[in-house]
There are 2 protein chains.
Amino acid sequence: MKSSEKKAKAKKKVEMSDEVLEMIADRFRLLSDPMRLRILHTLGDEEMSVTELVKATGAGQANISKHLSVLLNAGVVSRRKEGLNSFYRVSDETIFELCDAVCSHLVKQLEMRRSVLEKLKPLK
Amino acid sequence: MKSSEKKAKAKKKVEMSDEVLEMIADRFRLLSDPMRLRILHTLGDEEMSVTELVKATGAGQANISKHLSVLLNAGVVSRRKEGLNSFYRVSDETIFELCDAVCSHLVKQLEMRRSVLEKLKPLK
DNA sequence: TAACTATATTACTGTATAGTTATATTTGCA
DNA sequence: TGCAAATATAACTATACAGTAATATAGTTA
């Protein structure tokens, strides 16, 4: 017992190198853009061409292509080329788990705020 | 059966407004910075003052304070003032679930790469 | 009251990146 | 071969933001 006699409360923490933190941050940064989230949500479990995504999202073609290349580079989507078309699909489903977790947290948060407002109502 | 006779494959997607996507992106953006991740990881389940966090992380005081105010504003940490000190603690544990999910994904990803390299070894 | 300490805030700088326009590249077709 | 379509890329602009230095604010102590 050497390092655990400081405060008795703190759990021993795993050392986190800057490199690991940077990798985790990179992963979150991937999902920190509304347009990329829109693309991923639009794809769902489907395979879609760039043109289809452009139409579905209303964004510019260059913009969509750029975001897709970011996602492709990160291994979140995969690409299948066929003639003139490039078809993309989500190859890393764990992305959706993260999004779902954030979504349900937001819902919970909004519900809490609503219930607080509800309690204030009678005071009007 | 009207909108479901297009491709038969696509699940009906929930409409996603720009506002909702922006909120989700905001949440991910919070975690897309290595220094904020370092602060959250350093805090863990402890309560710490700004000075303690400055010492533990090696970052500048102004920088730590700014990140803490971002996290406070987002409801991820809470603040307790006592005399000259401000004590912060993580108030939203769901943050750690997200981090854990990303971490285990990274581990899985690295293991996959390692096993690929392992198979290539005999070819040397 | 004056000096000191902890924290917050402001102003500034540099960097990263989202969106856009224009262009390059590749493939299919007349 | 030449044109058209789909996609990718390069160059540019504007914006956001992380880090820092300086300063403000508030509490503590001599």
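In what follows, every chain begins at residue 1, and chains take the letters A, B, ... in the order their sequences are listed. The figures that follow rest on heavy atoms only: side chains count, while hydrogens, waters and symmetry mates do not.
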- Item | Interatomic distance, B:E22 CD vs D:dT15 C1' [rounded to whole Å] | 13 Å

- Note: A:E82-A:R80 ion pair, threshold 4.0 Å (strictly below): yes

- Task: Quickly work out the B:E82 CD to C:dT7 C1' distance and round it to whole Å.
- Result: 14 Å

- Taking everything shown except B:E93 itself, do over 12 heavy atoms lie less than 6.0 Å from its CD? yes

- Message: Which nucleotide wins on minimum distance to the side chain of A:L84, given the candidates D:dA26, D:dT7, D:dA6?
- Response: D:dA6

- Task: Please confirm whether the backbone N or O of A:F87 pairs with a side-chain atom of A:N85, one donor and one acceptor, at under 3.5 Å?
- Result: no

- Donor-acceptor under 3.5 Å (B:S91 side chain, B:V76 main chain): yes

- Query: Between B:Y88 and C:dA6, does any side-chain N or O lie under 4.0 Å from OP1 or OP2?
  - Reply: no

- Item | Between C1' of D:dA8 and CD of A:Q61, the distance in whole Å | 7 Å

- Query: Does any nucleotide pair with D:dG2 by Watson-Crick or G-U wobble geometry, both distances under 3.5 Å, and what is it?
  - Reply: C:dC29

- Should B:D92 and A:K108 count as an ion pair when the cut-off is N to O under 4.0 Å? no

- Item | Residue A:N85, side-chain heavy atoms: nucleotide from D:dA6, C:dA8, D:dT28 that is nearest | D:dA6

- For the pair made of CG in B:D26 and P in D:dA16, what is the distance, rounded to whole Å? 12 Å

- In whole angstroms, the gap separating C1' of D:dT7 from NZ of A:K81 amounts to 8 Å

- Task: Find the distance A:L72:CG to D:dT7:P and express it as a whole number of Å.
- Result: 14 Å

- May I ask you to decide whether B:R38 forms a salt bridge with A:D18, counting only side-chain N to carboxylate O separations under 4.0 Å? yes

- Query: Which part of the nucleic acid does B:S86 contact within heavy-atom distance under 4.0 Å: base, sugar-phosphate only, or nothing?
  - Reply: sugar-phosphate

- Counting only Watson-Crick or G-U wobble pairs whose two distances fall under 3.5 Å, which nucleotide matches D:dA30? C:dT1

- Query: What does B:S69 touch in the nucleic acid at a heavy-atom separation under 4.0 angstrom: a base, only the sugar-phosphate, or nothing?
  - Reply: nothing

- Query: Rounded to the nearest Å, what distance is computed from the CG atom of residue B:L53 to the P atom of nucleotide C:dA8?
  - Reply: 11 Å

- Item | Test item: side-chain donor near acceptor, B:Q61 and B:S65, under 3.5 Å | yes

Sub-3.5 Å pairs of nitrogen or oxygen atoms, protein against nucleotides 17-19 of chain D:
{"unit_1": "D:dA18", "atom_1": "OP1", "unit_2": "B:R36", "atom_2": "NH2", "d": "3.2"}
{"unit_1": "D:dG19", "atom_1": "OP2", "unit_2": "B:N63", "atom_2": "OD1", "d": "3.2"}
{"unit_1": "D:dG19", "atom_1": "OP2", "unit_2": "B:N63", "atom_2": "ND2", "d": "3.0"}
{"unit_1": "D:dG19", "atom_1": "OP2", "unit_2": "B:H67", "atom_2": "NE2", "d": "2.6"}
{"unit_1": "D:dG19", "atom_1": "O5'", "unit_2": "B:N63", "atom_2": "ND2", "d": "3.3"}
{"unit_1": "D:dG19", "atom_1": "N7", "unit_2": "B:K66", "atom_2": "NZ", "d": "2.7"}
{"unit_1": "D:dG19", "atom_1": "O6", "unit_2": "B:K66", "atom_2": "NZ", "d": "3.0"}

- Query: Nearest-Å distance, CG (B:L68) to P (C:dA8)?
  - Reply: 7 Å

- Message: Measuring to OP1 and OP2 of C:dT7, would you say a side-chain N or O of B:R79 lies under 4.0 angstrom away?
- Response: no

